[in-house]
Amino acid sequence: MGDNRGLGVFGVSMCGAAQEIEQLSRESSHYSLSTGILPSLGARSNRRVKLKRFIISPYDRQYRLWETFLVVLVVYTAWVSPFEFGFLGKPAGPLAKTDNVVNGFFAIDIILTFFVAFLDRTTYLLVDEHKKIAWKYMSTWFLFDVISTIPSELAVKISPKPLRQYGLFNMLRLWRLRRVSALFARLEKDRNFNYFWVRCAKLVCVTLFAVHCAGCFYYLIAVHYPDPKRTWIGVAMDDFLNQSLWIRYVTSIYWSITTLTTVGYGDLHPENTREMIFDIFYMLFNLGLTAYLIGNMTNLVVHGTSRTRKFRDTIQAASSFAQRNQLPARLQDQMLAHLCLKFRTDSEGLQQQETLESLPKAIRSSVSHFLFYSLVDKVYLFRGVSNDLLFQLVSEMKAEYFPPKEDVILQNEAPTDFYILVTGAVDLVVLKNGVEQVVGEVRAGDLCGEIGVLCYRPQLFTVRTKRLCQLLRMNRTTFLNIVQANVGDGTIIMNNLLQHLKEMKNPIMEGVLLETEHMLARGRMDLPLTLCFATLRSDDLLLHHLLKRGLDPNESDNNGRSALHIAASKGIENCVVLLLDFGADPNSRDSEGNVPLWEAIMGKHESVIQLLVDNGAKLSAGDVGHFACVAVEQNNLSLLKEIVRYGGDVTLPKINGSSALHVAVCEGNIEIVKYLLDRGANVDQPDEHNWTPRDLAEQQGHEDIKELFESRVMMRTRSVDPIPEERGVRFLGRFKSEPTISPASHGVSFLGLDGSLGRSRPRRRSNNFHNSLFGIMSAKQTNEHDVLLSANDTNVSITTTKTYAPRVIVCCPEKGDNGGKLILLPQSFKELLQIGSSRYGISQAKVVSKDGAEIDEIELIRDGDRLVFVRDKENNIDEAKSS
């Protein structure tokens, strides 16, 4: 059962791939290798190029059907032409009419050929110019096709007297047999037809045609001999000219077959010199034909048994080698089991790696992606890495089968490969005091050998299969080369490994974890690591090693966060000093506009704040409007003052146009509103929805704020706190981190991922290109447009009075809508209930506030209230009782 399941998984996968390839094959069934030429280097296929008007592609499906129909007519011609030449003296009624109809179809094909594009043998391009097509055809096969299409009656009349025999001209029609040869060449390469039977059919057709022609020609010699009684058929059959046509034809075919098989001349034999000469040449021809038939049939039969013979020779050689070198019995069994499995997969068509290697790299990568991408994506080591890295890894992995009880990895061997188990199960075996002990088991979807590869140490365990297993093998050198080009992914992989070792809680793994961290701290890992990785771990020693290697101190993750952002947010003073000493930009921005100084202010790390300020860090380099809004949303006036203290203008708007004053009015915090007005905030500045702080105060009914606006509207002042003086150069103390550093702590963000490094790590986000030239220009145009719009809207707000309908948020937790939707409050309570019925499907509903109090009048609802629709259980019970 284990074997069947192991083979079954790959079988299902290959069936899915086969269906896609089948569809592609149907779409490209017009491709043929029988064209006889190959494209020049660098040339591209043009079978789908649009041709000129009234030009037919030679690969068109309908044209292919027409050619197949003509092949059927060629088969008729191959039989009737020698027959008419040998047995008929003049045209027969039905046969002559049929000949003319067939000739008519080939005449149509001659005309059609002038409109069929041809393939240029030098450029491998389809030529669709009428003049070139006509010249190409007329200079090659046109004359032969025309002569073979002339009706026999006309040919007899216009031919010279010696050539007027009926049927002689028809022999020229055998020129059409080239179509049959091309058909068989195409069928032999068509995977929809069995090669053995196509080849057998071709050999039978060749034999029948040779027998038919020889019989017709031999009878013709007898008919034209002066003395009919001294012929091969005249001796055996008196007055044979008066016998029926069927008897004469069968007799001729009988002679031809017995001569071909060299068993004849007991009853039919040559009687004159002409017949003897013909028999001599026919027998010589039969020697070659017989050799051709026997050789082809032998190849077809031997091909089916050659694989078994080769397998037996391999088994015999392996057995002799094992006995000669006196190998242990278990090792001999493993060798023979592996050879038997290889033969089994070959015979059943499951040797997928050999199949993949025969394909171009693009197709090979696509097939590997279809079969194994979903499996590799779930492996713990690759959780959170980019899709690009996964695609590259899957394309380079090699699929292999291993029989039961076979060693995949040996303990203490060099770490050259690691494996992903696709199907089956393997044991992890350790040799202690000469005794093997099973210390673990690996199942489908797990890794084995990855610790030795990533930490570059001898393999810890012997990996031995328990049953038939399919594994994906990844070479260490190839793996590191791919990761080197994806540095951010390398740090994620190392984090995943460290977290996995920590979660295993195994004494052996604890030692490996400790040794790995020693190597990390000294920068001795071959896996590429980033400055963000070292900073996240608070490892200033590793950070120093990486900076000395020449890593860019300003490198960032996909969210634009640099190592200095992380060090500032965590308050790691030594890491901040190192980064600044190696040239890190103290004013670098991430994708959200945050700068290291803001990270330090948010974390209340005073020493780091002062260190950054001393090195030129400015809060104004970031999105100060966003910082101010964050402080107001937290109702944190002291944080707002800190922003002003370090040079930030809290009156500036965010990118979307809203400012801290908008947020303060919405929060109803009059103390912060006063402070912002004192700093010069504009009460008439519109946001992205053209709402000004004055409008918000009026709409939300904040009377105290409205009065404050009225009193301050003509008294706008703006003051800026002095910037602290620069201090002297700081002193860098000794490194605080030691080699025994624990893995990254939980709850810290890194590379846009959860610092816990758990199994639910999300996929990395792509770059938003905020720092690109396109992003900067777009932002500039957007800001100019917003400034113009704000100025226009400000003028309008001074001269006009705006009225707005109250806005409320409606939701229904019973229907899974917890977020809600912002709507305009209707005029009546009945209309409000209708909104709940249409949106959530509750016929008997009631409206409650966010605190649970029931509302039954529209006048009780204020702007900004949150309304919850719930089912009225009492009304529902009453309706149920009444029904």
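The figures that follow rest on heavy atoms only: side chains count, while hydrogens, waters and symmetry mates do not.
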Discussion item. In the structure I gave you, are the side-chain heavy atoms of Pro553 and Leu547 within less than 4.5 Å of one another anywhere?
Written reply: yes
Fill in: Any side-chain heavy-atom pair of Ser849 and Ile855 under 4.5 Å
yes
Worksheet item: Which heavy atom of Leu676 sits nearest a heavy atom of Ala664, and at what distance?
Response: CD1-CB, 4.1 Å
Discussion item. Given 3.5 Å as the limit, does a donor-acceptor pair link the side chain of His662 with the main chain of Trp691, or not?
Written reply: yes
Worksheet entry | Chi angles and distances behind the side-chain contact (heavy atoms from CB on, under 4.5 Å) call for Leu389, Ile493 | CA-CA 11 Å; Leu389 178 72; Ile493 292 173; 4.0 Å; yes
Worksheet, complete the sentence: Tightest non-hydrogen contact, residues Ser658 and Cys629, listed as O-SG, 4.3 Å
Worksheet entry | Considering all heavy atoms, the nearest His565-Pro596 contact | NE2-CD, 3.7 Å
Practice prompt. Would you please test Val644 and Leu640 for side-chain contact (heavy atoms from CB on, under 4.5 Å) and show each step?
Written response: CA-CA 7 Å; Val644 176; Leu640 203 61; 5.6 Å; no
Item to complete: Please step through side-chain contact (heavy atoms from CB on, under 4.5 Å) for the pair Met602 and Gln634, ending with a clear verdict.
Response: CA-CA 12 Å; Met602 287 289 290; Gln634 298 177 1; 4.0 Å; yes
Worksheet, complete the sentence: Rounded to the nearest 0.5 Å, the CZ atom of Arg589 sits from the OG atom of Ser562 at a distance of 13.0 Å
Worksheet item: Is there side-chain contact between Phe382 and Asn496, with heavy atoms separated by less than 4.5 Å?
Response: no
Worksheet entry | Residue pair Gln685, Leu661: steps toward the side-chain contact (heavy atoms from CB on, under 4.5 Å) verdict | CA-CA 9 Å; Gln685 181 179 3; Leu661 187 58; over 6 Å; no
Worksheet item: Does a donor on one side chain sit under 3.5 Å from an acceptor on the other, for Tyr380 and Glu450?
Response: yes
Worksheet entry | Rounded distance (nearest 0.5 Å) linking atom CD1 of Ile823 with atom CG of Leu867 | 7.5 Å
Fill in: Rounded distance [0.5 Å steps], CD1 in Ile672 versus CG in Asn636
7.5 Å
Worksheet entry | Gln610 side chain to Asp614 side chain, donor-acceptor N/O pair below 3.5 angstrom | yes
Item to complete: Write down the atom of Ala567, the atom of Val576, and the distance for their closest heavy-atom approach.
Response: CB-CG2, 3.6 Å
Worksheet item: Between Val483 and Asp489, is any pair of side-chain heavy atoms under 4.5 Å apart?
Response: no
Worksheet entry | Exercise: identify the closest heavy-atom pair between Ala681 and Thr651 | N-CG2, 3.5 Å
Worksheet item: Does a side-chain heavy-atom distance below 4.5 Å link Pro826 with Leu832?
Response: yes
Worksheet item: Just wondering, do Ile643 and Ile601 contact through their side chains at under 4.5 Å, heavy atoms?
Response: no
Worksheet entry | Option passing side-chain contact (heavy atoms from CB on, under 4.5 Å) with Leu564 (candidates Asp585, Leu580, Val608) | Leu580
Practice prompt. Kindly compute the distance separating CG (Leu597) from CG (Asn615), expressed to the nearest 0.5 Å.
Written response: 11.5 Å
Worksheet item: Per the side-chain contact (heavy atoms from CB on, under 4.5 Å) rule, which among His605, Lys570, Arg561 passes with Glu599?
Response: Arg561
Worksheet item: Out of curiosity, Glu573 CD to Leu612 CG, how far, rounded to the nearest 0.5 Å?
Response: 10.0 Å
Worksheet item: Backbone N or O of Lys618 within a donor-acceptor pair of the Asn587 side chain at under 3.5 Å?
Response: yes
Worksheet item: Are any of the side-chain heavy atoms of Leu824 and Arg807 separated by less than 4.5 Å?
Response: yes
Discussion item. To check you understand the geometry: which heavy-atom pair defines the closest contact between Cys812 and Phe869, and what is its length?
Written reply: SG-O, 3.4 Å
Discussion item. Under 3.5 Å, is there a donor on one side chain and an acceptor on the other for Asn669 and Tyr675?
Written reply: no
Worksheet item: Atom CG of Leu639 and atom CH2 of Trp598: how far apart are they, to the nearest 0.5 Å?
Response: 4.5 Å
Item to complete: Evaluate the side-chain proximity of Leu454 to Phe479: yes if any heavy-atom separation is below 4.5 Å, no if none is.
Response: yes
Worksheet item: If you measure from the Lys or Arg side-chain nitrogens to the Asp or Glu carboxylate oxygens, is any gap between Lys674 and Glu671 under 4.0 Å?
Response: no
